[in-house]
Amino acid sequence: MLSKRIIPCLDVKDGRTVKGTNFVNLRDAGDIVELALRYCEQGADELVFLDIAASSDNRATRREWVKNISRAINIPFTVGGGISSVRDVELLMECGADKISINSAALARPELISELSYAFGAQCVVVAVDARKEKDGHWYTYVKGGRVSTGIKLYDWIKQACDRGAGEILFTSMDHDGTHSGYALEPLSVITKMVDVPVIASGGAGKVEDFYDAFAIGGVQAALAAGLFHFGQLTIPQVKQYLKDKGIEIRL
Amino acid sequence: MKIVIIDYGAGNVFSVSTAIERLGYKAVLSSDINEILTADRVIFPGVGQASSALEELKKRGLDKILPTLKVPVLGICLGMQMMCAHSQEGGGAEGLGIFPMAVRRFEGEEKIPHMGWNDIYGLDSPIMEGVDESKVYFVHSYYVDVDERYTIARCDYMGEFSAAIKKDNFYGVQFHPEKSAEIGERIIRNFINL
């Protein structure tokens, strides 16, 4: 049976990984290649690298560290952050990235999803969506690290992204991110029922039960966590063993 | 041992070559026919769309050369699919016809692409030696039917399909051995050691 995936996420700045709470107060959590290898040994199913300071200035730097990751690890990895064109993706693919994730650039110009999907295949196009629930009771997409509302409703956007050829949805609830109080199960269960592509839950994992809930209630195919793993509150084997014992299909 | 990875602008060649380097071998990335004809092992990777990848192959004359090779050839993912007869992808495309099976799109209740770690079983080939029923990494929306004559590993996702196939010196794997941790490395090593 297809396993549910556990995905550590590494926020990268200048070739090093950082992770803060609610996207502020960044702390240095170490060297990315070393951390990536440690996660592989622990049984991570995939890795995600988000280049949080991506700009045209550091594209060459990024190529270098993406290559280093590709040389070091033997599981799939996704690179995101500041990707806005077919050319950006082509360069990352040449360096060994398996998938790329796009976020604000896709909201700004949805055609980007179709272009990437056509050029590289839907399977490598992850559309990352940050969202919050606003006072009117609806979920809206956010950009700029969750600070700026786009006014675009979450479910409308996800539907459009899938229609345009997204191969996977990475959903982060900005209301839950960094709180360690559990994933946003309500929107996750709506999204997983709505779309045909795999969905990754992100934001809020704090204990093993949260992962179980994301799979059992949220219906997701994968669950992502960052600080929780970086600072060792939980290890991947702990999470996976718990899920296995609870009857979730997992790769040990 | 000369290992050539066919580089035709539609493959995850860097990942495959780094996987080979981790095993202690060197690989040549090339679409040059002379390089390919003098190889001891040929790896034919592929990601993306069948019809555009086949166009790239044809542009380089590789569609004629590949089926004539006598050394072990390993098609990975789309590479395996292109070695088959016909693909439904992108409105239909004729493959290289090394294997007679058709390539079809998944249909059913589960998510598509089939993405992640799934079990392979019914293993029957030297390239699967030492690989007990294990989980390997898949990413694909199209699959190759099981054919008793050629299927050497199976997987189940909304029905059984070929996880690996073999005919004479031609091997194909639907999963990504270069991304399947130690199990995948074992399979690549087995292929090199054939």
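In the text below, chain A, chain B and the rest are named by the order of the sequence lines, each starting its count at 1. These numbers come from a predicted model, not from an experiment.
Counting only heavy atoms from C-beta outward, the side chains of B:H114 and A:Q123 never approach each other to under 4.5 Å. Two residues are said to be in side-chain contact when any heavy atoms from C-beta on lie closer than 4.5 Å; B:W117 and A:P76 meet this criterion.
The most heavy-atom pairs under 4.5 Å with chain A, out of B:G116, B:A19, B:A181, come from B:A181. Interface check for chain B: of the options A:D98, A:T192, A:V195, the most heavy-atom pairs under 4.5 Å are formed by A:D98. Taking chain B as the reference chain and counting heavy-atom pairs below 4.5 Å, the highest number among A:E90, A:R5, A:E168 is found for A:R5.
Counted within 6.0 Å of OH on A:Y118, heavy atoms from surrounding residues, nucleotides or ligands total 12 or fewer; the atom is thus considered open. Heavy-atom contacts from other residues, nucleotides or ligands closer than 6.0 Å to NZ of B:K2 number more than 12. Counting non-hydrogen atoms of other residues, nucleotides and ligands closer than 6.0 Å to CD of A:E111 gives a total above 12. Atom NZ of B:K58 sits in a crowded spot, with more than 12 heavy atoms from other residues, nucleotides or ligands closer than 6.0 Å.
Taking 4.0 Å as the cut-off between side-chain N and carboxylate O, A:D196 and B:K111 do not count as a salt-bridged pair.
The CD1 atom of A:I75 sits 10.0 Å away from the CD atom of B:E182 when rounded to the nearest 0.5 Å. From B:S15, atom OG reaches atom CZ of A:F77 across 6.5 Å, with rounding to the nearest 0.5 Å.
For the pair B:D119 (side chain) and A:M1 (backbone), a donor-acceptor distance under 3.5 Å is present. Side-chain atoms of A:K67 never come within 3.5 Å of backbone atoms of B:F14 as a donor-acceptor pair (strictly under, hydrogens ignored). When atom types are taken as modelled, the side chain of B:R22 and the backbone of A:I73 share a donor-acceptor pair closer than 3.5 angstrom.
Looking at A:Q221, the atoms closer than 4.5 Å to chain B (heavy atoms on both sides) all sit in the side chain, from C-beta outward. Residue A:C124: no heavy atom, backbone or side chain, is found under 4.5 Å from chain B. For B:S180, the part sitting under 4.5 Å from any heavy atom of chain A is the backbone (N, CA, C, O) and nothing else. Heavy-atom distances place no part of A:V199 under 4.5 Å from chain B, backbone and side chain included. Residue contact with chain A, scored on non-hydrogen atoms closer than 4.5 Å, involves the backbone of B:E178 exclusively. For a residue to count as touching a neighbouring chain, one of its non-hydrogen atoms must lie under 4.5 Å from one of that chain's; by this rule A:A97 does not touch chain B.
Of all heavy-atom pairs between A:G167 and B:P113, the closest is O-CD, 3.6 Å. In terms of heavy atoms, B:N118 sits closest to A:L2 at OD1-N, 3.3 Å. Of all heavy-atom pairs between B:T18 and A:S70, the closest is OG1-O, 3.4 Å.
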field: A:N74/B:E185 under side chain to side chain donor-acceptor pair (under 3.5 Å): CA gap, chis, key distance, verdict
entry: CA-CA 8 Å; A:N74 55 13; B:E185 285 171 353; 3.2 Å; yes

